[in-house]
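One structure is given below, encoded as structure tokens.
These figures come from a predicted structure and were not determined experimentally. Every chain is numbered from 1, with letters handed out A, B, ... down the list of sequences. What's counted below: heavy atoms across the whole structure, side chains too, no hydrogens, waters or symmetry copies.
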Amino acid sequence: MVKDRNSFILRLLSTLFVILAINFFLPRMMPGDPFSTTSADEVGEEIIVMTEEQRLYYLNYYGLDRPLHEQFLGYMKNLMKGDLGRSIYYKMPVRDVIMLHLPWTVLIVVGATIISTISGVVLGTLSAKNRKKGSDRLMMMGMISFAEIPSFLLGLILLLVFSVHLRLFPLAGAVTPFADYNGPAEQAWDILYHASLPIVTLSLSQLTGVYLLTRNTLITVTTKDYIRTARAKGLGENTVWIRHALRNALLPVVTRTGFMIGIMMGGVVLVESVFSYPGIGMTLRSAVVGRDYPLIQGILLVIAVSILICNLLVDKIYGKLDPRVVI
Amino acid sequence: MSLLKINDLKCHYLTDIDTVKAVDGISFEIEDGEILGIVGESGSGKTTVALGIMGLLPENTAISGEILYRDELISSLPESGMDRFRWKDIAIVFQNSLEVLNPVMKVGVQVTEPMIKHLDLSPYKARSKCADLFRTVGLDPKWVDSYPHQLSGGMRQRVLLAMALSCDPKLLILDEVTSALDAFTRKEIRDLLVDLQKKNGYTMLMISHDITFVSSVASRIAVMYSGRVVETGPVRDILVSPRHPYTRGLVHSTPDIFVYKDLWGIPGDVPAGNEFKGCPFSPRCTQKIDICSKASPVLMPVGGGREIACHRGGIAGLLEAKNLNFSYRLPDGEYLQAVDNVSLEVREGEVLAIVGQTGSGKSTLAHILANVIRPESGEVLFMDGNVSGGNYGNRFNGIQIVFQDPFSSTSNRFTVLDAVKEPLYINKIGSNGDRLQMVKNALELVRLPNTDNFLQKYCGELSGGQRQRVALARAMVMEPKLLIADEITSALDVSTSANVLRLLKGLQNRRGFAMIYISHDLSLTLKIADRIAVMDSGKIVETGNSHDVMLSPSDEYTKRLVGSRIGLCCHTH
Ligand SMILES: Nc1ncnc2c1ncn2[C@@H]1O[C@H](COP(=O)(O)OP(=O)(O)OP(=O)(O)O)[C@@H](O)[C@H]1O
Ligand code: SF4
Ligand SMILES: [Mg+2]
């Protein structure tokens, strides 16, 4: 056990180190630097063009003119102390910038995970129960062709239809600006109202995967001997399906949820941009445009760590659900 | 009123490739309180019958026929209607496999589940009843909270049994409950079942390929072959005198019944094509006639509570001898009664051994049966015709005899080819080319080389074992229905005789001819014989199944014969 635990920690640490290194070197391999950007991200933003003298001054100020390996060592040292560095663009600690935006991302990713999992499982079960009938075929074809649409395109369509034309949902943001709430309920409602379309977009992008997995696993599970045993006991269709079949079929779905969160963390960058939703995805995008190295590093680190945590959690939950797994 | 009645049940699995007629028109009844056993080889459709009764066959099954439970037609009920009967009236112990229990549910929960549903017990009550059930089936109640993978196969089998008993069913179906268990556990389960049946009067349908196990519990047996019932009857009768060729094969290849005999499975396979119309056993049957491959026989009562499905009414007689007498005149003018009022019967495909001391008249009897000498009185009927009249020795598919002494049956001056060909030549069978081929085939059968070089060898140049094989080939070339082997191994050394014997039994098993095997060596005889006739001074003093004769000889002479053997043998009785 002890040996297992040690090797596990060792593996985790080496994974983290590789991630850190990639986070550090990748942004610096992009052309340009924080002080030579010429393109503006948003229309109307004034373009500050620095003189070469100013640029060198700032590079020196942020220590970006030192050799790479020295920079990397410094970064690692600070990280040990819990210091993620200062954002060049926001002119404040990277940690504060992340804490400001991360909750929004967590909100939509968690929301999308819950919604896509539940609806995927329900639809998958319905489909499996009706397999070989028309409704199953129809649903399956619909789902598969639907999965071909990229999530940002889907987001754009939703935005155009529901926000621009029908005006049912807001065009941008996570809350109504300068709103004055009468109590937390109203605030919560406003937050939900703004988060709806991003959550829906993210959920839809994951739905087909969950649906197909549930359907196919269920179909396999229902041919198992223990399902026949449950039937023989005269327990009734619902008990057989839910207590015996679904319980077994959910095992792979749980595993998939771990990966799904990882995929969504990537997808969130595009979806947040489409809805101008102020999560870390959008922040990352502007940080990349502005070559804000410390911020890029910080956000990528947060994403990587949260994916690692999700997978760990999934392993734990799986162990609880499947008695055959020994952890 | 019977508890369960099945009428012409057919269950055909429709797969993408073909149709598997797993159950093809079977009918039977189970009386209240009775234990009916269904036996048959793997794949004969036993489990399918069980699933059919429970209404659990997969969707791709075409089902027809009727299943009546207490005169109520349950075969056409929808799922929900069937649930009324499941577990409370009819419960099943499934064929054990790792996945027959839900892997993610505690076994206790799986046992209590039906009690909560059908008996309206509270979970607490059900749990305590579950502990009782565990004790009943000999399982420590501490296991209720474990998962199936934490139990051994035997323990899982007990859980399955406890589960089946949980709602006190009227009819208990047991599918191969013991086949995965060791002998000790098997006996425990058997005793448990017998006990349960006595106490609670369960009606049981016991399915297994293990005929010994079934017959130790059941009162009646139905033998299934390829989706059909070929024979039914009381257990004892079927074991002692199986009437269908398949049942005989099944009984004879069961080690617990034939303790001494080498195991020889039933050769051949179940017919695969689903267009096949005839008797399903015909590809393996040694006594098939024309109609067998055209129409399938139906189950017919033959008296004594037995039913048989066979166009020939079961195992047919091949040779019948009635009141044979023969005496030699000795030089002093006295007569020696070598064969004294002997009657015996040889049935299709069986091996009858005639044992007795030297001089007891065995060879004389053999010569009479083979129509080499004529009896003074009495008659021998071969396939219902008189041997002497029909001259069955001299024709294809007749009687052939191989003698004790290989040197007398094959002349030294004959080549192998001539020796084997001679009977064909004498009886004018086949053209010259045909004959050569037939000789070669026969030599191959007896595992001799059939090269030209060997064919041209003189018999005098061969070893004793080779020469006996040539004699055997000479008999086989006539494709006999009955082979009489008279002490054919006595002139050979131990290892050669073992080889010849194995060869002979192998041939008999594959070709399906009947055999009269004459010997004074009881140990060897037991290895190949189905029945034994014991001969003493010209009389047959005892006949019976070889194991019966061995284990419980009734005649004094037989006892001596058996007793004289014990010293050499490791068995103690
Ligand atoms: N679901 C199925 N689909 C197609 N064919 C099947 C199916 N189940 C069984 N069969 C076939 O039906 C035949 C009878 O099977 P069944 O399980 O009833 O045999 P069995 O007598 O119980 O054998 P065993 O002693 O091995 O348990 C076999 O040839 C088998 O391959
Ligand atoms: S004799 Fe014919 S009907 Fe009888 S078992 Fe043999 S093949 Fe079947
Ligand atoms: Mg079976």
Out of curiosity, A/Arg231 CZ to B/Leu51 CG, how far, rounded to the nearest 0.5 Å?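 If I round to the nearest 0.5 Å, the distance is 12.0 Å.
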
State the OH-CE distance between A/Tyr226 and B/Met105, to the nearest 0.5 angstrom. 11.5 Å

When B/Met54, B/Glu59, B/His118 are compared by non-hydrogen pairs under 4.5 Å with chain A, the top option: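 The answer is B/His118.
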
I'd like to know which of A/Lys132, A/Arg228, A/Lys224 tops the heavy-atom pair count under 4.5 Å against chain B. A/Arg228

Atom group of A/Thr223 that falls short of 4.5 Å from chain B, counting heavy atoms: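 No part of it gets close to chain B.
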
Measuring heavy-atom distances to chain B, does A/Leu321 have an atom under 4.5 Å in its side chain, in its backbone, in both, or in neither?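 Backbone of A/Leu321 only, per the 4.5 Å heavy-atom cut-off to chain B.
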
Heavy-atom contacts under 4.5 Å, residues 72-85 of chain B to chain A: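 Under the 4.5 Å heavy-atom cut-off, B/Glu79, B/Asp83 qualify.
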
Taking only heavy atoms into account, what residues of residues 145-163 of chain B are found under 4.5 Å from chain A? B/Tyr147, B/His149, B/Met163

For the student: nearest non-hydrogen atoms of [X] and [Y], plus distance:
| X | Y | answer |
| --- | --- | --- |
| A/His244 | B/Asn102 | ND1-ND2, 3.0 Å |
| A/Leu235 | B/Lys117 | O-NZ, 3.4 Å |
| A/Pro323 | B/Pro103 | CG-O, 3.4 Å |
| A/Ala232 | B/Trp87 | O-CE3, 3.3 Å |

Exceeds 12 heavy-atom contacts within 6.0 angstrom, atom OH of A/Tyr318: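 Atom OH in A/Tyr318 is packed in, count exceeds 12.
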
Heavy atoms from other residues, nucleotides or ligands near NZ of B/Lys170 exceed 12 (cutoff 6.0 Å):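 Yes, NZ of B/Lys170 has more than 12 neighbouring heavy atoms, counting only those of other groups under 6.0 Å.
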
Which atoms of B/Gln95 are under 4.5 Å from chain A, going by heavy atoms: the side chain, the backbone, both sets, or neither? neither

Contact origin within B/Ile92 toward chain A - heavy atom pairs under 4.5 Å: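 Only the side chain of B/Ile92 comes within 4.5 Å of chain A.
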
So if I apply the side-chain contact (heavy atoms from CB on, under 4.5 Å) rule between A/Lys233 and each of B/Cys167, B/Ser166, B/Pro114, which one comes out positive? B/Pro114

Quick check: does any side chain N or O of A/Thr229 sit under 3.5 Å from a backbone N or O of B/Val100, one acting as donor and the other as acceptor? yes

